[in-house]
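Accompanying notes for the structure given below.
Residue numbers start from 1 in every chain, and the chains themselves are labelled A, B, ... in the order their sequence lines are given, proteins ahead of strands.
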Amino acid sequence: MSLRIYNTLSRNKETFIPVDENQVGIYVCGPTVYGDSHIGHAKSYVSFDIVVRHLRYLGYSVLYIQNITDVGHLTDDADEGEDKIEAEARKRKLQPMAVVEHYTRSYFEDMDRLNILRPDISPRATGHIIEQIEIIKILIESGYAYEANGSVYFSIEKFKEYGKLSGRSIDEMIAGARVESKSEKRHPADFALWKKAEPGHIMKWPSPWSVGYPGWHIECSAMSMKYLGEHFDIHGGGIENQFPHHECEIAQSEAATGKSFAKYWMHNNMVTVNGQKMGKSLGNFVTLKDAFEQYHPLVIRFFILQSHYRSPLDFSNEALSGAKKGYDRLVNTVMILRQRIDLNQDGETVPIDITGYKEKMIEAMNDDFNAPQTIAYLFDLSREMNHYLNDGKQYSAASLKEVDELYREFGDTVLGIIPESLETTSSANGTIDADLIQLLIDVRQEARKQKQFALSDLIRDRLKELGILLEDTREGTNWKRIT
RNA sequence: GGCGCCGUACCCAAGUGGUAAGGGAGAGGUCUGCAAAACCUUUAUGCGGCGGUUCGAAUCCGCCCGGCGCCUCCA
């Protein structure tokens, strides 16, 4: 089965046919860098990370663009209020660009820990003011935009298809529109392309209309089209940006080029915390830096991928600790499997249907990136594998390697949850030397032989206090670091 | 008020027409000096409720109840 993607534009799963045969261009709305990233960012960027990873696994050459919004995103509704970054800068008595730099680094730090692959290009809005002005010029020339007191607005009534992504009609929006205090706009739902800077506004640039700054929506049109072309494959983002942000992007881009903008629109659903929406005003923000203190980043990644990207995800301690146990179980199997491979033994071939698993997992991922289903298959595989690891028979290292290859392809390459180096998956620091641990295991083994169980239990208990867990098996004693 | 989404076991969660994945928790068992891990068995004649379409529905349609999102900050 070929890859199918749920396209918000058609509200259906569609067979994925790229614009260019083997090239895929994907643009995902990145963060506005005025604060630490939270678990909502994690869900969004983990979701698109597996999109990119799976497309690459399928053999596409993917160009992944994710912007950094460092200007123009206002605190109030789309065209009123303070710039978020300026507001933060004022609060902290810093230059706006220092705030941007700080939180951009913080963002990448967090994303790296979640094993999210970096985008190929992370363009900044402030680095593309010229491109944004160029589009605005075209929109004014073609009558889609108008100037008012040094600001420029997009006239939604001129763009017939406005509302096609979010399923809204202009009439409905008039009914639901907020009262406009300043009515520079011809229509209440018109949106800003360029804003004239008020006195005291720091981040501003010259333009044909005023010294000012770009509207929030225009940056994504400018940067996506600059790097991916006027018509490209996938545009992604959080579902809350479907309207107005993405609707506006479509309007201004298609009005400017006369071409269809992104072919497939993908939206990830949102995170709730203990059943409640996570919001600034509710004060229940969970930053990733906080979450990482309680849970290993890969556990959070695993937790996110255990539900579908288009489903809402509820973040609770109960759910997370359940995920941690499941995740440890999965990783445990892979650790033991790899230890067994290292013994490099001959023996029977493990009777696992590797091709069958592979086909099922590809099919699950091809069905609109069904990571939870793929993880379920990894658990099925692990149960089977554990059975053979425990049945006392000797299996050939070569055939065990083939099983391991499944974990590598789907656990690592596609889902990014089972890394190459497994010893680091515990959040405890690995301060105790492995050779020293092996020495203690050997001493304890000797004590057990002599039935000195009080001593052997003492060694096991004390090591556990130090974060080293011993497990006796028929093949000897395994150890691992615990949290 | 307008637009849209969801409601699956004690908890989390896949599943869009063919007779209920997976994880956690619980119960029983195997293995073990003990423990841990692992494995085996077990836990929804049932998918919010009521109708309808169909040979057949968690899946499609209608109504009702409950929860959520967007329309305002947020990925």
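Remark: B:U16 base-pairs with no nucleotide; criterion is Watson-Crick or G-U wobble with both hydrogen-bond distances under 3.5 Å. B:A21 makes up no base pair with any nucleotide shown, lacking Watson-Crick or G-U wobble contacts both under 3.5 Å. Of all nucleotides present, only B:U41 satisfies the Watson-Crick or G-U wobble test against B:A27, with each distance under 3.5 Å. Pairing of B:G33, defined by two Watson-Crick or G-U wobble distances under 3.5 Å, is not identified with any nucleotide. Figure legend. B:G51 is base-paired to B:C61; pairs are counted as Watson-Crick or G-U wobble with both atom distances under 3.5 Å. With a 3.5 Å ceiling on both atom-pair distances, the Watson-Crick or G-U wobble partner of B:G69 is B:C3.
Electrostatic pairing of A:Glu363 and A:Lys360 does not count as a salt bridge here, judged by no charged N lying under 4.0 Å from a carboxylate O.
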Identify the pairs formed between an N or O of the protein and an N or O of nucleotides 6-9 of chain B at a distance under 3.5 Å, and give each distance.
none

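A:Ser316 comes within 4.0 angstrom of no nucleic acid atom, judged by non-hydrogen atoms across all strands. Here A:Leu330 lies out of heavy-atom contact (under 4.0 Å) with every strand. Residue A:His308 is in sugar-phosphate contact alone, with no base atom involved, counting any heavy-atom pair closer than 4.0 Å across all strands shown.
Nearest to the side chain of A:Asn332, among B:C34, B:A38, B:A75, sits B:A38. For A:Asn370, the listed nucleotide lying nearest its side chain is B:A14; candidates were B:C39, B:G33, B:A14. Comparing B:C12, B:C39, B:A38 by their nearest atom to the side chain of A:Phe303 picks out B:C12.
Summary of the strand contacts: A:Arg444 and A:Thr473 both lie near RNA chain B, and taking for each the nucleotide with the nearest heavy atom, the more 5' one is attributed to A:Arg444. Mapping A:Glu471 and A:Ala319 onto RNA chain B by nearest heavy atom places A:Ala319 at the nucleotide closer to the 5' end.
A:His245 places its NE2 atom 14 Å from the C1' atom of B:C73, with the value rounded to the nearest Å. Look at CD on A:Glu384: it is 11 Å from P on B:C39, rounded to the nearest Å. Rounded to an integer number of Å, the gap from A:Ile239 CD1 to B:C71 C1' is 13 Å. At whole-Å resolution of the value, CG in A:Asp472 and P in B:U32 are 12 Å apart. In this structure, A:Glu247 places its CD atom 21 Å from P of B:G69, rounding to the nearest Å. One can place CG of A:Leu463 at 14 Å from C1' of B:A36, the figure rounded to the nearest angstrom. The CG-C1' distance, from A:Asn67 to B:A75, rounds to 12 Å in whole Å. Note: CG (A:Asp314) to P (B:C11) measures 13 Å, nearest angstrom.
For A:Arg113, there are no side chain to side chain donor-acceptor pair (under 3.5 Å) partners two or more places apart in sequence or in a different chain. Under the rule for a ring pair (Phe, Tyr, Trp, His ring centres under 6.0 Å), A:Tyr309 has no partner lying at least two apart in sequence or in another chain. A:Thr32 meets the side chain to side chain donor-acceptor pair (under 3.5 Å) test with A:His73; sequence neighbours excluded. A:Asn390 is linked by a side chain to side chain donor-acceptor pair (under 3.5 Å) to nothing, counting only residues two or more places apart in sequence or in another chain. Residues passing the side chain to side chain contact (heavy atoms under 4.5 Å, CB included) test with A:Asn241, sequence neighbours excluded: A:Trp216, A:His245, A:His246. When the side chain to side chain donor-acceptor pair (under 3.5 Å) test is applied to A:Asp233, no partner is found at least two apart in sequence or on another chain. With sequence neighbours left out, A:Glu14 forms a salt bridge (Lys or Arg N to Asp or Glu O under 4.0 Å) with no residue at all. Partners of A:Lys325 according to the side chain to side chain contact (heavy atoms under 4.5 Å, CB included) rule, which considers only residues two or more places apart in sequence or in another chain, do not exist here. Taking A:Tyr357 as the reference, nothing meets the ring pair (Phe, Tyr, Trp, His ring centres under 6.0 Å) condition, with sequence neighbours excluded.
OP1 or OP2 of B:C39 lies within a sub-4.0 Å distance of a side-chain N or O belonging to A:Asn386. At the phosphate of B:A14, OP1 or OP2 sits under 4.0 Å from a side-chain N or O atom of A:Ser311.
For residues 101-112 of chain A, proximity to RNA chain B is found at no residue, defined as any non-hydrogen atom under 4.0 angstrom from a strand atom.
Ring centroid separation for the pair A:Phe315 and A:His38 does not come in under the 6.0 Å cut-off.
With both ends at atom P, the span from B:U45 to B:C55 equals 27 Å, rounded to whole Å.
Between the side chains of A:Thr272 and A:Asp314, at least one donor-acceptor pair of N or O atoms lies under 3.5 Å. Residues A:Asn366 and A:His54 bring a donor and an acceptor atom of their side chains to less than 3.5 Å of each other.
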message = Within the 4.0 Å limit for protein heavy atoms, which parts of nucleotides 18-27 of chain B are touched? Write it as a string from 5' to 3', B for base, S for sugar-phosphate only, - for none.
response = ---BSSSS--
